[in-house]
Amino acid sequence: MTNNEQTPSSDPATRLDFIRSQIKEDLESGKHDSIQTRFPPEPNGYLHIGHAKAICLSFGVAEEFKGQCNLRFDDTNPTKEESRYANAIMEDIRWLGFDWDDRLYHASDYFEQLYEFAVKLIKKDKAYVCDLSADEIREYRGTLTEPGKDSPHRDRSIEENLDLFERMRTGEFEDGLRVLRAKIDMASPNLNMRDPVMYRIVHATHHRTGDKWSIYPTYDWAHGQSDSIENITHSLCDIGFEDHRPLYEWFIEQLGIFPSRQYEFSRLNISYTVLSKRKLLRLVNEEQVSGWDDPRMPTLSGLRRRGYTPEAIRTFIDRIGVARKRGSTADIAMLEHCLREDLNLHSKRVMAVLHPLKVVIDNYPEDQVEELEAVNNPEDDSAGNRKVPFSREIYIEREDFREDPPKKFFRLAPGREVRLKHAYFITCERVVKDEQTGEITELHCTYDPASRGGASPDGRKVKGTLHWVSAAHAVRAKVRLYDHLFTKEDPENNESGDFVDHLNPDSLETLTDCQLEPSLADAAPGDRFQFLRNGYFCVDSVDSKPGALVFNRTVGLRDSWTKIQKSKKK
RNA sequence: UGGGGCGUCGUCAAGUGGUAAGACACCAGCCUUUGGAGCUGGCAUUCCCAGGUUCGAAUCCUGGCGCCCCAGCCA
């Protein structure tokens with residue numbers, strides 16, 4: 001190496017994880033001139049944030065070390081895979097910010113080559129056709145502590161194997177009647193080496209190859225060989241495949257093809273959610289959520305609809321790092337922190353009252369309307385200002401008033417003065433209640449004209465600042481408040497039953513009578529905002545319509561008031 | 001009592017023989033026209049345990065203990 005420009009970071013604070021260290025070493029030693037990775041999703045479901053880790057890693061290291069990352073659909077099981085999934089997967093990867101240029105591949109592109117490889121193995125007496133049933137194969141495999149037994153078909157002649165294998169391909173046999181197996185070692189302590197199945201007979205229409213094939217390769221047989229065909233130098237996968245590595249290498253060695261190498265990293269788990277396709281599919285099928293893109297789902301499409309930014313997800317993935325231990329769970333608070341960090345910098349602030357309480361400002365002229373100046377984003381001067389209408393009747397947040405305020409409650413109460421953000425100081429003079437129910441229906445206040453804009457006219461302090469919306473100008477909208485999908489930190493690993501039992505019954509609360517400032521009237525699907533003092537919200541991309549806006553709460557603001565209250569209750 | 005992997009703060013995670021990074025969370029305070037943001041400080045005398053080697057060990061050796069993964073013709 002004449003230079004070390006390929007090192008992604010010279011910052012000593014940014015230590016390389018074990019994968020990047022390996023790559024760096026392979027480049028410096030001259031083992032590889034450049035690196036090639038791949039992301040190999042199976043098109044049988046939607047991508048979730050666990051996949052984002054794999055995507056960021058495989059595409060990320062390729063970028064950092066000036067190599068390439070292919071997108072390869074691992075479509076070896078026609079009974080589970082569909083094109084619609086493939087399309088959604090591509091959309092999600094692009095949304096995250098990665099690109100495979102013209103390198104879109106499919107394991108099914110290699111079926112013919114794989115078949116020839118298999119014939120080669122048969123000719124080397126390293127593979128054979130086995131007539132045992134699935135159950136029998138399981139019995140013959142032995143157990144964790146006992147070796148397996150050789151299949152009675154293990155010693156078939158090469159000619160017979162060749163003939164049978166070809167007839168498997170032509171579709172002569174029924175599903176499950178025979179399989180092609182690698183001839184390795186039925187006594188291996190590694191179960192994966194006990195003559196693993198390479199091909200099974202499946203008469204099903206494949207979403208790309210149609211009815212051309214009646215045999216399909218298994219993961220173990222297809223994956224490593226596909227890697228090798230694409231000259232993948234570093235095949236990154238999750239740690240569940242660790243035990244498969246000897247098999248991965250055995251196939252490559254027997255075939256004498258390009259020696260791709262597999263490296264395993266720990267899969268991502270996140271507290272208060274589940275990250276397994278099988279479980280997510282179940283939530284969808286059982287209609288526990290509205291679909292794969294329900295904003296509560298940890299799928300990329302769900303997170304996107306919820307209002308997450310790709311930047312936040314990528315930052316999160318960077319920060320949790322890469323290691324190779326099993327069973328590590330990132331705190332969802334970390335994810336939410338990365339989200340807020342990004343949203344705080346880039347979201348326009350607006351005022352929206354979620355639980356409206358009417359306030360009449362008695363000393364404010366009846367028909368007067370003022371256009372008050374409001375800062376769009378205190379974190380970003382270039383975001384500019386906007387005008388917000390103010391009038392005699394406004395809405396404030398119901399929880400911003402307490403008739404009998406507890407200690408440290410800085411908001412409105414009888415006789416108390418607070419600031420209306422961007423507007424005036426008001427003092428609560430009178431509380432109007434429903435005679436029957438006792439519910440507070442209206443507040444009467446007076447304002448101090450000298451405090452226009454929210455400035456203190458004489459230096460007097462007000463502890464609280466409230467957001468508000470002019471009643472006459474407000475835009476009514478529906479707002480959905482989302483919370484964690486599960487009530488347990490680890491719903492996937494709970495001895496006390498099924499994970500769906502721990503679904504959070506309050507994961508979605510829909511508010512139908514929210515009052516928003518008028519600038520929001522023409523917000524478009526996907527637009528993100530910070531509702532002042534409330535949190536970050538986005539316009540729902542599916543259900544929102546002009547004139548009937550629907551917002552999703554992406555994540556709340558950090559809320560130290562709620563924290564104070566909770567700690568007092570203890 | 002088969003094989004593989006892993007044990008460093010509540011969580012994620014650096015550290016590869018020279019005297020425990022960082023992030024999140026948490027706590028205290030400052031500041032504030034968002035109880036937001038920002039800022040300051042605190043937060044592992046100790047690295048699963050026990051021995052050993054060494055001037056010196058989270059890092060090396062020995063022996064324990066604990067947790068996770070593998071018995072699909074799924075990936």
Side-chain angles (χ1 to χ4, degrees), chain A residues 12-15 17 40-42 44 74 76-77 79-80 130 132-134 137-139 141-148 175-181 187-194 196-202 216 218-220 222-223 237 239-246 264 266 268 271 277-278 316 318-338 340-341 344-345 349 351 375 378-379 408-411 419-423 425 451 453-456 462-467 489 530-535 556-564:
Chain A
T14 310
R15 306 263 182 20
D17 56 66
E42 182 188 11
N44 70 340
D74 216 334
T76 57
N77 186 351
T79 63
K80 290 187 178 169
C130 178
L132 255 25
S133 68
I137 285 182
R138 191 180 315 119
E139 282 166 29
R141 185 155 34 225
T143 68
L144 293 177
T145 51
E146 301 157 28
D175 285 8
L177 207 60
R178 294 181 220 271
V179 293
L180 184 73
R181 293 226 252 169
S188 172
N190 181 343
L191 290 296
N192 297 117
M193 300 299 271
R194 320 242 263 225
V197 171
M198 295 167 63
Y199 278 97
R200 69 280 210 193
I201 299 171
V202 181
Y216 290 91
T218 56
Y219 167 85
D220 284 312
H223 200 90
C237 64
I239 211 147
F241 294 104
E242 214 161 14
D243 294 341
H244 295 242
R245 192 170 62 230
E264 310 88 17
S266 61
L268 174 63
S271 56
K277 263 197 217 175
R278 210 196 91 244
F316 168 71
D318 279 350
R319 290 202 186 148
I320 55 171
V322 184
R324 52 193 329 289
K325 74 177 103 176
R326 290 176 187 269
S328 64
T329 302
D331 192 338
I332 196 167
M334 174 87 100
L335 211 210
E336 292 174 341
H337 168 81
C338 295
R340 290 193 187 99
E341 186 177 59
N344 173 50
L345 256 27
R349 271 63 170 173
M351 293 195 287
V375 178
E379 304 294 329
K408 296 222 180 153
F409 183 84
F410 304 152
R411 286 112 98 146
R419 168 170 34 236
L420 294 178
K421 180 80 178 176
H422 308 307
F425 286 10
S451 63
S456 183
V462 288
K463 281 273 206 173
T465 298
L466 312 186
H467 59 280
E489 243 184 84
Q530 184 196 101
F531 286 2
L532 226 55
R533 302 208 305 135
N534 261 319
L557 253 22
R558 284 190 63 218
D559 183 357
S560 48
W561 169 237
T562 301
K563 206 179 284 177
I564 289 170

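The sequence lines fix the lettering, A, B, ..., with proteins before strands; numbering per chain opens at 1.
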query: Given the P atoms of B/C26 and B/C60, what is the spacing between them in whole Å?
result: 36 Å
- prompt: Within a strict 4.5 Å, meaning less than it, do heavy atoms of the A/Val179 and A/Thr218 side chains meet?
  reply: no
query: For B/U45, which nucleotide in any strand shown is its Watson-Crick or wobble partner with both distances under 3.5 Å?
result: none
- request: Determine, stepwise, if the pair A/Glu242 / A/Arg324 fulfils salt bridge (charged side-chain N to carboxylate O under 4.0 Å, His left out).
  value: CA-CA 10 Å; A/Glu242 214 161 14; A/Arg324 52 193 329 289; 3.0 Å; yes
- prompt: What about A/Asp243: does its side chain form a donor-acceptor pair under 3.5 Å with the base of B/G3?
  reply: yes
message: For A/Lys463 and A/Asn190, find the nucleotide of RNA chain B closest to each by heavy atoms; which residue's nucleotide sits nearer the 5' end?
response: A/Asn190
- request: Report the nucleotide, chosen from B/G4, B/C27, B/U34, that has the shortest atom-to-atom distance to any side-chain atom of A/Pro378.
  value: B/U34
task: Report yes if a side-chain nitrogen or oxygen of A/Arg194 is closer than 4.0 Å to either non-bridging phosphate oxygen (OP1 or OP2) of B/A71; otherwise report no.
output: no
- prompt: How far, in whole Å, is B/A20 from B/C12 if one measures between their P atoms?
  reply: 23 Å
- prompt: When the distance from CZ of A/Arg349 to C1' of B/G36 is rounded to whole Å, what number comes out?
  reply: 8 Å
- prompt: If you round to the nearest 0.5 Å, how far is CZ of A/Phe409 from NZ of A/Lys463?
  reply: 13.5 Å
task: Classify the glycosidic conformation of B/G38 as syn or anti, calling it syn when the angle lies within 90° of 0.
output: anti
query: Paired with B/U34 by Watson-Crick or G-U wobble geometry, both distances under 3.5 Å: which nucleotide is it?
result: none
- prompt: Just to confirm, is there a sub-4.0 Å distance from OP1 or OP2 of B/U34 to any side-chain nitrogen or oxygen of A/His467?
  reply: no
statement: NE2 (A/His467) and CZ (A/Arg349) are apart, to the nearest 0.5 Å, by 14.0 Å
field: P-based separation of B/G5 from B/U45 [nearest Å]
entry: 31 Å
- request: Tell me which of A/Asn344 and A/Arg245 sits closer to the 5' end of RNA chain B, going by the nucleotide each one is nearest to.
  value: A/Arg245
- request: Could you give the distance separating B/U34 and B/C48 at their C1' atoms, to the nearest angstrom?
  value: 46 Å
message: My understanding is that a pair needs two contacts under 3.5 Å, Watson-Crick or G-U wobble. By that rule, which nucleotide pairs with B/U40?
response: B/A28
For nucleotides 40-42 of chain B, tabulate all protein N/O to nucleotide N/O atom pairs closer than 3.5 Å, reporting atom names and distance.
none

- request: Heavy atoms under 4.0 Å is the rule here; annotate nucleotides 8-13 of chain B 5' to 3' with B where the base is hit, S where only the sugar-phosphate is, and - elsewhere.
  value: S--SSS
Tabulate atom names and distances for all N/O pairs under 3.5 angstrom spanning the protein and nucleotides 72-75 of chain B.
| from | atom 1 | to | atom 2 | distance (Å) |
| --- | --- | --- | --- | --- |
| B/G72 | OP2 | A/Arg138 | NE | 3.0 |
| B/G72 | OP2 | A/Arg141 | NH2 | 3.2 |
| B/C73 | OP1 | A/Arg141 | NH2 | 3.4 |
| B/C73 | OP2 | A/Arg141 | NH1 | 3.2 |
| B/C73 | N3 | A/Gly176 | O | 3.4 |
| B/C73 | N4 | A/Leu132 | O | 2.8 |
| B/C73 | N4 | A/Ala134 | N | 2.9 |
| B/C73 | N4 | A/Gly176 | O | 3.2 |
| B/C74 | OP2 | A/Arg200 | NE | 3.1 |
| B/C74 | OP2 | A/Arg200 | NH2 | 2.9 |
| B/C74 | O3' | A/Arg200 | NH2 | 3.2 |
| B/C74 | O2' | A/Asn77 | ND2 | 3.2 |
| B/A75 | OP1 | A/Thr76 | OG1 | 2.6 |
| B/A75 | OP1 | A/Arg200 | NH1 | 3.2 |
| B/A75 | OP1 | A/Arg200 | NH2 | 2.8 |
| B/A75 | OP2 | A/Tyr219 | N | 2.9 |
| B/A75 | O3' | A/Asp74 | OD2 | 3.1 |
| B/A75 | N6 | A/His244 | NE2 | 3.4 |

Identity of whatever pairs with B/G22 - Watson-Crick or G-U, under 3.5 angstrom: B/C12
field: Euclidean distance for C1', B/C74 against B/U62 (whole angstrom)
entry: 43 Å
query: Checking all strands, does A/Ala423 fall into the base, sugar-phosphate, or nothing category for heavy-atom contacts under 4.0 angstrom?
result: nothing
query: Using atom P of each nucleotide, how far apart are B/U11 and B/U53 to the nearest Å?
result: 34 Å
message: Please name the nucleotide paired to B/C6 by Watson-Crick or G-U wobble geometry with both distances under 3.5 Å, or report none.
response: B/G66
- request: Starting at CZ of A/Phe316, measure out to CG of A/Leu268 and round the result to the nearest 0.5 Å.
  value: 5.0 Å
- prompt: Hey, does the side chain of A/Arg340 reach the backbone of A/Gly556 with a donor-acceptor pair shorter than 3.5 angstrom?
  reply: yes
query: Across the strands shown, which category fits A/Gln530 at heavy-atom distances under 4.0 angstrom: base, sugar-phosphate, nothing?
result: base
field: Spacing between A/Asp559 atom CG and B/A37 atom C1', to the nearest angstrom
entry: 14 Å
message: Rounding to an integer number of angstrom, what distance separates B/C9 and B/G51 when you compare their C1' atoms?
response: 26 Å
task: Go through the N and O atoms of the side chain of A/Glu242 and the base of B/G3, and report whether any donor-acceptor pair is under 3.5 Å.
output: no
query: Within the structure shown, what part of the strands sits under 4.0 Å from A/Phe409 by heavy-atom distance: base, sugar-phosphate, or nothing?
result: base
message: Would you measure the distance from the P atom in B/G7 across to the matching atom in B/C61 and give it in whole Å?
response: 15 Å
G-U wobble or Watson-Crick pairing nucleotide for B/U53 (cut-off 3.5 Å, both distances): none
query: Looking for any heavy atom pair under 4.0 Å, which part of the strands does A/Lys277 touch: base, sugar-phosphate only, or nothing?
result: nothing
